[in-house]
Amino acid sequence: MPADALDSAADTTADSTADPAADATADPAARLVALAELVAYHNRRYHELDDPEIPDGDFDALVRELRALAEAHPEVEFDNPLTASVGGTPSTMFAPVQHAVPMTSLDNAMSREELEAWGARAAKGLDGAPVTYVCELKIDGLAMSIRYERGKYTQAATRGDGRVGEDVTANVATIADIPKSLPKGAPTVLEVRGEVYMSVASFERLNAAAAAAGAPAFVNPRNSAAGSLRQKDPAMTAQRELSFWSYQLGQVEGAPELPSHTASLEYLGSLGFPINPEVRTFTSLDDVVTHCKYWEEHRHELAYEIDGVVVKVDDVEQRAQLGFTSRAPRWAIAYKFPPEERTTLLRDIQVSIGRTGRATPFAVLEPVFVGGSTVGMATLHNEDQVRVKDVRPGDTVIVRKAGDVIPEVVGPVRAMRPADALEWTFPAVCPACGEPFVRPEGEADTRCVNSACPAQRHAKITYFGSRGAMDIEGLGERTVAQLIGAGLVSDAADIYSLTEEQLLTLDKVGTVSARNLLAAIDGSRTRPLPRLLTALGVRHLGPAASGALAAEFGTLDAVMDAPVEQLAAVSGVGGAIAEAIHDWFGIEHNRAFIEKLRVAGVDFGRPVERAAPDQPQTLAGKAVVVSGTLEGYTREGAVEAVVARGGKSPGSVSAKTFALVVGDSPGASKVTKAEQHNVPIVSGTEAFERLLETGELPA
Ligand code: IVH
């Protein structure tokens, strides 16, 4: 990339997308030249090198700016890459192919208004005659023209610059979807145009294989498809799982009359070409808009990537009447979805502390409109992710926001990295409390282990009141920060003793909002147990496991006193959650917090009413610890057998333990502890079953 273009590229990503007019008004001629150079550069990277540096969304923004500026300043002379060609210059690796019928591109509509404006222009061009629109998915792949002569596959060519493409016949021949011969009666000459693409699943398989081989990852399915076709050795292409959808005719000789686009798609289908099933026709533009919006929402439900909807006039005569502009047909338009990837400046990397003390690095971004909303922050997950992505403050980074997925930083645009950008290092101490961070060996997460950390406290209280937990309207992040700042609360239980007078001392809190908040807090006292369990903020314990625990134990006290094995035995809970719960209740100040909630009148649930036990309660009130493998029992099975006889089966031996049952390979520490406390040891399945039956220890 030329140095000056590099400079303006950096400007462009930071400036032009945010405020495109800034440079242009200062010196439109200079801006035009710089933009033209940039567009030409990125065009080449995309079309010829299959190695784009910036996302499509940024490129589209550059093209639109260039087009608008060129139209506003016809007096400025410059080499316009938009009029020179519609794609890239054909490379020299493959032989050139002259297209018998040029492969034009499409104009884009980036909004409903632009789509409607296109519709109005088309209607005007057709003197208001009724129009049938055909809507097709805009497949994010590579345009291909495939030629058949006398029913035999003879040539495949890329679009190239629209007039001359590259001969990729041998490579395209490896794509299973593409027929190599056509049924009897096929036209003498038939050029089929369509999109070669890679499905998301194939792309993921390809990247998994690349990762296993230590090779760099492919950026997206489109680039992988393009790269796969540009292989010198067709055997390499054959290994990639490429697919094809046909959507247009090129040169045709000896075919039946095809009066409409839908007729030509049907005809192509009858010859064995794959036609995308999501083709729809509409007679009103409102319905076209609704259809486009539908796919904007549902694009990720498809097995392949799309970046818009192509709207085409169906009738062939109407198409002829509308004709072409210098670059594209007037009878079609590409409705492009808002880009899901954009570049922006990474201003800083900071660390946030969650309710469990987890320290999560996140990107502070120059706000950018991506995936339908403005994004100013994006998670970087953990220390290793920052290292793997190698993003540095000052970098221009690619930000992705796809569907409902939270925004993420994909990686840096290396060509735009400032010379002084330093590698980021994880802070050694918590920015909120100053205590050293801890990252246990073998774990990905770094933590602040100071339970008095104000950031943790803030996150815990906010979480307690959040929608999925105690659902306390008005107890948002800001209010919690105010309450902590004013010294009114130090944990979530303190909210239950807040008074109206206290709330009125807070900034911007009036009588109405104070009373509403107090009512919401009061209402939360009777939330069902699963919500209360979730609200405690125990690591790993979400609503599903909370629901399962509540159904099994009925009250918070029963959950609190349950041995880890009993917790783990609940379906949907499992070992990691059980350990986390057990550990959490084992901590003194957590117990104190629970007692504060009890005093505050928070509902702790009701005991589960169970049918009369079907086993004699031989072990009622007795604690029997099980260690090692007992023949005929799983670990949970042995615990259940004790519980079914009215006993408890805690995870550790104490002086109160009635017996320690040992199977094969018991825990040495449990045996030692039993010996220390004179706890009787019962050995093997037979003795265990006798204990279950009689409740008595062997002599
Ligand atoms: S029609 C003259 N239909 O989008 C009309 N193009 O931005 C030629 N594309 O070059 C194209 N899906 O690579 C058409 N259903 C579809 C398409 C489609 C994807 C691509 C194609 C084209 C580009 C235009």
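In listed order, ligands and their atoms are each counted from 1.
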Salt-bridge test for [X] and [Y]: reply yes if a basic N is under 4.0 Å from a carboxylate O, no otherwise.
| X | Y | result |
| --- | --- | --- |
| Glu116 | Arg112 | yes |
| Arg222 | Glu305 | no |
| Asp390 | Arg417 | yes |

Selected option - heavy-atom contact closest to [atom], from [options]:
| atom | options | result |
| --- | --- | --- |
| atom 3 (N) of ligand 1 | His261, Lys312, Arg319 | Lys312 |
| atom 19 (C) of ligand 1 | Asp307, Ile139, Val311, Leu265 | Ile139 |
| atom 16 (C) of ligand 1 | Phe324, Trp331, Tyr247, Trp245 | Tyr247 |
| atom 4 (O) of ligand 1 | Met144, Lys336, Arg222, Lys138 | Lys138 |

Give a yes/no on ligand 1: does Asn108 have at least one heavy atom closer than 4.0 angstrom to it?
-> no
Is the shortest distance from a heavy atom of Arg193 to ligand 1 less than 4.0 Å?
-> no
Given that the side chain starts at C-beta and the backbone is N, CA, C, O, which of these parts of [X] lies under 4.0 Å from ligand 1, counting heavy atoms, or is it both or neither?
| X | answer |
| --- | --- |
| Pro329 | side chain |
| Asp140 | neither |
| Glu195 | side chain |

Just by distance, with hydrogens left out, do Glu366 and Thr344 show a side-chain donor and acceptor under 3.5 Å apart?
-> no
Decide yes or no for Pro407 and Val370: does some side-chain heavy atom of the first lie under 4.5 Å from some side-chain heavy atom of the second?
-> no
Can you find a heavy atom in the side chain of Val310 that is under 4.5 Å from one in the side chain of Val134?
-> no
Taking the six-membered ring for Trp, is the centroid-to-centroid distance between Trp295 and Tyr335 below 6.0 Å?
-> no
Would you mind checking which non-hydrogen protein atom is closest to [atom], with the distance to 0.1 Å?
| atom | result |
| --- | --- |
| atom 8 (C) of ligand 1 | Thr104 O, 4.0 Å |
| atom 5 (C) of ligand 1 | Leu106 CD2, 3.7 Å |
| atom 15 (N) of ligand 1 | Glu136 OE1, 2.9 Å |

Counting from 1 in the order shown, the ligand 1 atoms closer than 4.0 Å to a non-hydrogen atom of Ala143 are 13 (O)
Near Arg159, which atoms of ligand 1 are under 4.0 Å from a heavy atom of that residue?
-> 10 (O), 22 (C)
CA sep, side-chain torsions, deciding dist, call: Asp167, Thr169, side-chain hydrogen bond (donor to acceptor under 3.5 Å, both in side chains) | CA-CA 6 Å; Asp167 187 334; Thr169 309; 2.4 Å; yes
